[in-house]
Trainee: 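First the structure, then my questions, so here it is.
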Amino acid sequence: MRNLTMMTDLYQLTMMNGYFLQGKAKETAVFDVFFRQKQTMNYAVFAGLEQAIEYINDLHFSSEDIAYLRSLAIFDDGFLDYLRDFKFTGDLYSVREGDIVYPQEPIMTVKAPLIEAQLVETALLNIVNHQTLIATKSARIVQAARGKSVAEFGLRRAQGPDAGIYGARAAVIGGCNGTSNVLTGQMFNIPVKGTHAHSWVMSFDSELEAFRAFAKVYPDMCLLLVDTYDSVQGVKNAITVFNELKASGHKPVGIRLDSGDLAYLSKLARKMLDDAGFSDAIIFASGDIDEYLLESLNNQGAKIDVYGVGTKLITSEDMPSLGGVYKLAAVERNGKLEPRMKLSDSAAKITNPGFKTLYRLYDKKSGMAVADLIALEGEKLPKPLTLTHETERWKTTTLKDYDVRCMRYKIFENGKNIYQAPSLEHILEFAESEKGKFWDEYKRIDNPQIYKVNISDGLYDLKQSLLKTYKSL
């Protein structure tokens, strides 16, 4: 475990120094983590909580850290002395890893002394933004694979070691069933997968010789990469080796395609393997695969059993950032939390004020999710419940018979971790279960049905009141 306390933006520390000098260090503040709407993403799969917990548990400034900050000559000596005993003493709330979340929803809430809440912004956003982004991309890819197995193969293209390690973990939360990343497999008990590269074939005098050598070393896990020189001839050479393995009492695994027209080549390879008596040999495909290519391959009837997805998953190539933000929602005044709201010319950038919670509402009969509700802490939900669109007030939905789940869990209380993080296995089970509670129309890759995310009447009234107040400032 690394101490990431100094992994922060300078302005967090300069604000902390200012709070200290202004006597505001101990004032309680509430900050929300949420993300804004993205055109290419209609939902997200939350990930990164386990690493966020580790970060907060280990928050402290070492003597070396303080010496470095002193060398910058911009911080008060009293503030630097205060940092010697710094630790997180506040509360942290979060949704569970693997939960489906939507824009504007408070997926994390920090309620802590202002000076502490300010520090943790950068690291929490760094952790949650990246892992949630990759988990979401993974979920879209796995969905487009339509039940076919997907493995994460992106370590070589990830933006650095941490992105490769924790990106692979997030990809598994999103639905991948394994990774090529051995360290991630070791750290999180994730199945590791892989075959051989083109360099193995090219290091021998012929492709057939290379295949025979690989089969000799791994007779019971022989999956051969067939496209080094010519894919069709590669399949023929693989079948030759498979027959030799079969004659010696071993069962080949299959072939891997890594280039070319994957739809055409997979259908041709499937026929060749079936005709040769290897109908149970799998066809593994890799390359520049994403959810859009997978949709196309499925529509073309490609005969691919397993996908290895690399660059476009681990980098989330078409959407390189989640866009998560950390916004002040309340501050303490005279022992009471007062709501705060950021205004903007864009309605989408006006924040939700106050100390809030998040509910998911399910149809009681079908068990399917019908709406999410952002409400003020302690606000009661009546039955029946009428949901009203925040800006288009004529749009209403009344739920008469519904179940409700509070999505927010208390993770830290007074600086103490009170949440027992589930195993990755349980996170995956939960994630799969929750995805199954959303109709397919909400999960479409293109032009999905918009899922309802509403604010409660109490929160709406508070926002309107603050809008009137702020206009007079």
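The residues of the chain are indexed from 1 along the displayed sequence. None of these values were measured; they are calculated from a predicted model.
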Trainee: Judged by atom type as modelled, is there a donor-acceptor pair below 3.5 Å linking the side chain of Lys356 to the main-chain atoms of Asn352?
Mentor: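 Yes; at least one donor-acceptor contact below 3.5 Å.
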Trainee: State, yes or no, whether a side-chain contact exists between Tyr460 and Lys463 at a heavy-atom distance under 4.5 Å.
Mentor: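 Tyr460 does not reach Lys463 side chain to side chain.
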Trainee: Quick one: are Asp290 and Leu313 in side-chain contact, heavy atoms under 4.5 Å?
Mentor: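 Not in contact.
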Trainee: Cut-off 3.5 Å, side chains only: do Asp65 and Ser62 have a donor facing an acceptor?
Mentor: yes
Trainee: Check whether the side chains of Thr195 and Arg256 place a donor and an acceptor atom closer than 3.5 Å, and report yes or no.
Mentor: yes
Trainee: Assess whether a salt bridge exists between Asp81 and Arg84, defined as any Lys/Arg side-chain N lying under 4.0 Å from an Asp/Glu carboxylate O.
Mentor: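 Yes.
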Trainee: Is any side-chain N of the basic residue among Arg340 and Glu338 closer than 4.0 Å to the acidic one's carboxylate O?
Mentor: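 Between Glu338 and Arg340 there is a salt bridge, with a charged N closer than 4.0 Å to a carboxylate O.
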Trainee: Backbone N or O of Pro113 within a donor-acceptor pair of the Thr28 side chain at under 3.5 Å?
Mentor: no
Trainee: Would you verify whether the NZ or CZ of Lys111 falls within 45 degrees of the ring axis of Phe355 while also being under 6.0 Å from that six-membered ring's centre?
Mentor: yes
Trainee: Measure across Gly367 and Tyr362 and return the closest heavy-atom pair with its distance rounded to 0.1 Å.
Mentor: O-CD2, 3.5 Å
Trainee: Tell me whether His130 contacts the main-chain N or O of Val128 through its side chain, where contact means a donor paired with an acceptor under 3.5 Å.
Mentor: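 A pair under 3.5 Å: no.
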Trainee: Whether the Ser433 and Glu429 side chains hold a donor-acceptor pair (N or O, under 3.5 Å, no angle test) is what I'd like checked.
Mentor: no
Trainee: Any donor-acceptor pair under 3.5 Å linking the side-chain atoms of Glu152 with those of Ser180?
Mentor: no
Trainee: My understanding is that only residues two or more places apart in sequence, or in another chain, count here; which of them pass salt bridge (Lys or Arg N to Asp or Glu O under 4.0 Å) with Lys26?
Mentor: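 For Lys26 there are no salt bridge (Lys or Arg N to Asp or Glu O under 4.0 Å) partners, ignoring immediate neighbours.
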Trainee: Check Pro339 against Gly354 and note the closest heavy-atom contact, atom names and distance.
Mentor: CB-N, 3.8 Å
Trainee: Could you check whether Lys383 makes a cation-pi contact with Tyr402, meaning its NZ or CZ is under 6.0 Å from the centre of the six-membered ring and within 45° of the ring axis?
Mentor: yes
Trainee: Relative to Phe79, does Arg70 satisfy both conditions: NZ or CZ under 6.0 angstrom from the six-membered ring centre, and within 45 degrees of the ring's axis?
Mentor: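 Cation-pi check for Arg70 and Phe79: fails.
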Trainee: Could you check whether Lys327 pairs with Asp32 (Lys NZ or Arg NE/NH1/NH2 to Asp/Glu carboxylate O, under 4.0 Å)?
Mentor: no
Trainee: When you check the side-chain N and O atoms of Glu425 and Ser423, is any donor under 3.5 Å from an acceptor?
Mentor: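 No.
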Trainee: Ring pair (Phe, Tyr, Trp, His ring centres under 6.0 Å): which pairs involve residues 321-353, sequence neighbours left out?
Mentor: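 Qualifying pairs, neighbours excluded: Phe31-Tyr326.
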Trainee: Using the ring-ring contact (aromatic ring centres under 6.0 Å, His included) rule, take Phe284 and Phe153 through it: C-alpha gap first, then chi angles, then the decisive distance, then the call.
Mentor: CA-CA 12 Å; Phe284 190 115; Phe153 266 32; 5.5 Å; yes
Trainee: State whether the side chain of Arg96 and the backbone N or O of Asp99 hold a donor-acceptor pair below 3.5 Å, judged by distance alone.
Mentor: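 Here the side-chain-to-backbone pair does not exist.
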Trainee: Over all heavy atoms of both residues, which pair between Asp318 and Glu291 is shortest? Give the atoms and the distance, please.
Mentor: OD2-OE2, 4.3 Å
Trainee: Taking the basic N atoms (NZ, or NE/NH1/NH2) and the acidic carboxylate oxygens, is any pair closer than 4.0 Å for Glu413 and Lys416?
Mentor: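 Between Lys416 and Glu413 there is no salt bridge, as every charged N stays at least 4.0 Å from the carboxylate O atoms.
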Trainee: Are more than 12 heavy atoms from other residues, nucleotides or ligands located less than 6.0 Å from atom CD of Gln186?
Mentor: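 12 or below, so no.
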Trainee: Does a side-chain N-to-carboxylate-O contact under 4.0 Å join Lys87 and Glu116?
Mentor: no
Trainee: Are the side chain of Asp401 and the backbone of Asp363 linked by a donor-acceptor contact shorter than 3.5 Å?
Mentor: no
Trainee: Quick one: does Leu467's side chain get under 4.5 Å of Leu343's, heavy atoms only?
Mentor: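 The answer is yes, as the side chains (C-beta and beyond) meet within the 4.5 Å cut-off.
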Trainee: Side chains of Arg157 and Thr315: donor-acceptor distance under 3.5 Å anywhere?
Mentor: no
Trainee: Kindly confirm or rule out a cation-pi arrangement of Arg405 over Tyr359, judged by NZ or CZ under 6.0 Å from the six-membered ring centre and within 45° of its axis?
Mentor: no
Trainee: Examine distances only and state if a side-chain atom of Ser266 and a backbone atom of Ala263 form a donor-acceptor pair shorter than 3.5 Å.
Mentor: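 The answer is yes, because a donor-acceptor pair under 3.5 Å joins these two groups.
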Trainee: For the backbone of Leu92 and the side chain of Tyr419, can you confirm whether one donor and one acceptor N or O come within less than 3.5 Å of each other?
Mentor: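 No; judged by distance alone, with no hydrogens or angles, the pair does not exist.
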Trainee: Please check if the number of heavy atoms outside Lys452 that lie under 6.0 Å from its NZ is greater than 12.
Mentor: no
